[in-house]
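Only one structure is covered here, and it is reproduced in the block below.
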Amino acid sequence: MKAASFWLICALVPLSLGGLTSCSDPSEAPRVLLPVVVDASGVAPVTSDLGYEVNVTEVRIAIRDVVFTVAGEVHLASVWQAISNTLIPSAFAHPGHAQNGDVTGEMRGEYVVNWPTDDGRELGTATLIAGTYSASNFTFGRGSAEHLDAEDPLVGHTAIISGTATKNGLTMPFTIVVDSPEGRELIGAPFEATIDENATGTLNLQFNTLDATEGDTVFDGVDFATLTADGVGVVVIEPNRVEVEDAYNTFRRVFQTHDHFNLEHRESP
């Protein structure tokens, strides 16, 4: 590498890592390993915009390749590519730019998350370069018979959400099945944390029935009472059924946004 290029990288890298790195020895870029755990604290009863009191009993979702982005809009994808083989370990084989910043952390792999049943369960370990983070992204997957029982209802689907919706004294059990398009990414789930080389604790992955910022619920716009229940009295909202198409599209559109997902760094006590 030419001297000028090296010092350009030295000048730019600290900007993307929150000023916590030095070019005195690229091999010493601070790396942090933190477990990612399921956090069910955001799964709470909500009242939708149409007046339904919704209680969720299960949210199961297949996701893959969780990544973490540093704060700011520093477009350093080409710089990351130039130094990835020397500064960044093999876990960062795909550095680059994403909404809300550059990807400098990741937890690759396929995962099935179950809120609230799996509350506290460790999904895997994230590898991050020390810095100030603002967001996280992941890809919606599909349940696979390779990882689940062949008869598991999540096989072939992205998510299953179950619960009850109550209005005017009538309680309706429901099940919502979601199929996300292949490769559909969720971009910009909040992850506001400063991770230094001494960071401990966990990264808590949350699904929130209520968007605390805007006050919206994930069930807004779904009029359960207008939907016909199946033979056992359950309202089933799923793909490829004309009679529930509007409700399905309304729910899936909201569910696939970053408004109802977030990660939170919690230090060890």
Side-chain angles (χ1 to χ4, degrees), residues 9-10 12-23 25-39 42 61-113 121-141 183-208 258 260-268:
I9 291 171
C10 289
L12 291 175
V13 168
L15 293 176
S16 62
L17 301 185
L20 296 175
T21 345
S22 168
C23 276
D25 186 350
S27 66
E28 294 180 1
R31 286 188 298 141
V32 183
L33 303 180
L34 293 174
V36 176
V37 302
V38 180
D39 183 341
I61 177 173
I63 65 173
R64 59 183 171 87
D65 298 339
V66 182
V67 300
F68 308 89
T69 61
V70 293
E73 290 294 335
V74 183
H75 294 260
L76 294 178
S78 60
V79 175
W80 280 116
Q81 190 63 47
I83 65 175
S84 60
N85 292 331
T86 56
L87 179 61
I88 303 175
S90 58
F92 295 92
H94 306 285
H97 187 75
Q99 179 175 314
N100 294 327
D102 293 277
V103 173
T104 56
E106 67 177 15
M107 183 180 72
R108 299 286 173 180
E110 299 180 359
Y111 306 92
V112 172
V113 191
R121 180 172 75 89
E122 183 175 328
L123 293 176
T125 301
T127 303
L128 306 97
I129 289 181
T132 299
Y133 287 81
S134 64
S136 60
N137 315 325
F138 62 77
T139 302
F140 290 101
R184 174 64 181 258
E185 289 185 277
L186 183 140
I187 303 292
F191 173 52
E192 297 182 358
T194 298
I195 306 296
D196 63 30
E197 57 189 307
N198 299 312
T200 60
T202 59
L203 304 181
N204 288 27
L205 178 59
Q206 301 171 350
F207 171 78
N208 304 305
H258 64 262
H260 296 280
F261 295 89
N262 72 281
L263 277 107
E264 180 179 309
H265 177 222
R266 292 190 182 171
E267 289 279 5
S268 299

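Atoms considered below: every heavy atom in the structure, side chains included; atoms not considered: hydrogens, waters and symmetry mates.
By the 4.5 Å heavy-atom criterion applied to side chains, Leu123 and Val113 are counted as neighbours. Contact of the Glu122 side chain with the Val36 side chain is not registered, since no non-hydrogen atoms from C-beta on lie closer than 4.5 Å. Annotation: side chain of Phe140 is not in contact with side chain of Glu185 (no heavy-atom distance under 4.5 Å). In this structure, Ser134 and Thr69 have side chains that are in contact, with non-hydrogen atoms separated by less than 4.5 Å. The shortest side-chain heavy-atom distance between Leu263 and Leu203 falls under the 4.5 Å cut-off. The side-chain heavy atoms of Arg184 and Thr139, taken from C-beta on, include no pair separated by under 4.5 Å.
Across every non-hydrogen atom of Pro30 and Glu197, the tightest pair is CB-CB, 3.8 Å. Considering every non-hydrogen atom in both Gly201 and Ser268, the closest pair reads N-OG, 3.1 Å. Scanning both residues, Gly188 and Ala135, for their nearest heavy atoms gives CA-CB, 3.9 Å. For the pair Pro190 and Phe261, the tightest heavy-atom approach, listed with the atom from each and the gap, is CD-O, 3.3 Å.
Atoms CE and OG1, from Met107 and Thr127 in turn, are 10.0 Å apart once rounded to the nearest 0.5 Å. Note: Phe138 CZ to Ile187 CD1 = 9.5 Å, rounded to the nearest 0.5 Å. How far CD1 of Ile63 is from CG of Asn137: 11.5 Å, rounded to the nearest 0.5 Å. Note: Leu128 CG to Asp196 CG = 11.5 Å, rounded to the nearest 0.5 Å. Annotation: the span from Thr200 atom OG1 to Arg266 atom CZ amounts to 14.0 Å, rounded to 0.5 Å. Of the inter-residue distances, the one linking Arg108 atom CZ with Arg64 atom CZ reads 9.5 Å to the nearest 0.5 angstrom.
When the shell of 6.0 Å around CD of Glu192 is examined, it contains 12 or fewer heavy atoms from other residues, nucleotides or ligands.
Checking Thr202, Asn204, Asn262 one by one against Asp39, the side chain to side chain donor-acceptor pair (under 3.5 Å) holds for a single residue, Asn204.
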Quick one: do Leu205 and Val38 satisfy side-chain contact (heavy atoms from CB on, under 4.5 Å)? Show the steps, please.
-> CA-CA 5 Å; Leu205 178 59; Val38 180; 6.0 Å; no
Carefully, step by step, assess Leu34 and Ile195 under the rule side-chain contact (heavy atoms from CB on, under 4.5 Å).
-> CA-CA 10 Å; Leu34 293 174; Ile195 306 296; 4.2 Å; yes
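His260 places a side-chain N or O within 3.5 Å of a backbone atom of Asn208 that can act as its donor or acceptor partner.
Using bins of under 30°, 30° to 60° and over 60° for the plane-to-plane angle, the ring pair Tyr133/Phe191 lands in the tilted bin.
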